[in-house]
Amino acid sequence: MSAHHDHAAHGHHDDHHGHDHADHGSLKSYATGFVLAVLLTVIPFWLVMGKVFDKSSTTGFVLLALAAVQIVVHMIYFLHMNSKSEGGWTMLALLFTTMVVVIMMSGSLWVMYHLNHNMMPGMDHETVPESIRAVPVEKDMKKMPGMS
């Protein structure tokens, strides 16, 4: 009876150490994560360099979405985060990371929009005065001393 009890305790010990902890990945999971990460890097590069979308705002939102997907890929395939490991602490880390990423992305977009709007007001063709828009270069060159 004691041998059976020791065997059961040993089996419980193996389950505790072997199956409760997070999976540390295999070559296949790392290769899958690497391929996904490369694709999620190449696709945005192609979108920007190929000018696939007419509006830059559409390109920006697609890039943000692909960046968020890439963050999830890194968390799953390289950081090995899932809902089962380490007593739920990874879920808390996921929520905190999501909150920080949303704050950073929305804050960055807000700052860049307002910088563009406030620092470059003359770039809109409708707001540029007529006197600046239609100045011939030759006329200005004759007004300069030493130029004729």
Side-chain angles (χ1 to χ4, degrees), residues 9-148:
H10 182 68
H12 178 68
H13 183 72
D14 282 346
D15 285 343
H16 178 66
H17 286 294
H19 298 289
D20 258 0
H21 294 290
D23 181 27
H24 291 290
S26 64
L27 183 60
K28 182 180 177 184
S29 72
Y30 281 122
T32 303
F34 178 74
V35 168
L36 288 172
V38 168
L39 284 175
L40 290 168
T41 302
V42 170
I43 290 171
F45 184 79
W46 168 73
L47 288 174
V48 171
M49 297 304 291
K51 297 184 183 184
V52 175
F53 297 110
D54 292 335
K55 296 176 77 178
S56 61
S57 59
T58 304
T59 304
F61 285 120
V62 170
L63 292 181
L64 285 176
L66 290 171
V69 171
Q70 189 166 39
I71 289 171
V72 172
V73 166
H74 282 263
M75 287 173 37
I76 291 171
Y77 288 99
F78 300 119
L79 298 177
H80 312 294
M81 293 178 73
N82 59 30
S83 60
K84 297 176 186 174
S85 62
E86 298 180 26
W89 279 105
T90 56
M91 190 56 68
L92 264 164
L94 173 66
L95 292 173
F96 178 74
T97 303
T98 303
M99 182 181 70
V100 169
V101 166
V102 166
I103 290 170
M104 287 176 52
M105 285 181 170
S106 60
S108 296
L109 285 175
W110 181 73
V111 167
M112 285 190 263
Y113 170 77
H114 285 284
L115 279 174
N116 186 41
H117 181 73
N118 294 328
M119 299 297 286
M120 306 295 275
M123 293 304 291
D124 189 16
H125 294 293
E126 296 169 0
T127 61
V128 176
E130 188 68 33
S131 60
I132 295 175
R133 244 189 287 172
V135 175
V137 177
E138 298 89 26
K139 195 179 200 181
D140 287 342
M141 295 296 278
K142 290 181 182 176
K143 290 181 184 176
M144 296 176 83
M147 302 295 239
S148 48

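Fair warning: this is a prediction, and the values are worked out from it, not measured in the lab.
Contact of the L79 side chain with the H74 side chain is not registered, since no non-hydrogen atoms from C-beta on lie closer than 4.5 Å.
Open room surrounds CE on M49; 12 or fewer heavy atoms of other groups in view lie less than 6.0 Å from it. The local environment of CZ in F53 is crowded, with over 12 non-hydrogen atoms from other residues, nucleotides or ligands closer than 6.0 Å. Annotation: L27, atom CG; neighbour count of heavy atoms from other residues, nucleotides and ligands within 6.0 Å does not exceed 12.
To the nearest 0.5 Å, the span separating OG1 on T98 from CE on M75 amounts to 6.0 Å. With values rounded to the nearest 0.5 angstrom, F34 atom CZ is found 14.0 Å from S29 atom OG. Taken from CG in L63 to CG in L40, the straight-line distance is 11.5 Å, to the nearest 0.5 Å.
Tested against V62, the residues L64, L66, T59 include a single side-chain contact (heavy atoms from CB on, under 4.5 Å) partner, L66.
The shortest heavy-atom contact between A37 and Q70 is O-NE2, 2.9 Å.
In terms of the side-chain contact (heavy atoms from CB on, under 4.5 Å) criterion, residue partners of Y113 (sequence neighbours excluded) are, by chain and number, H117.
Ring geometry, F78 versus Y30: the interplanar angle falls under 30°, so the pair is classed parallel (tilted spans 30 to 60°).
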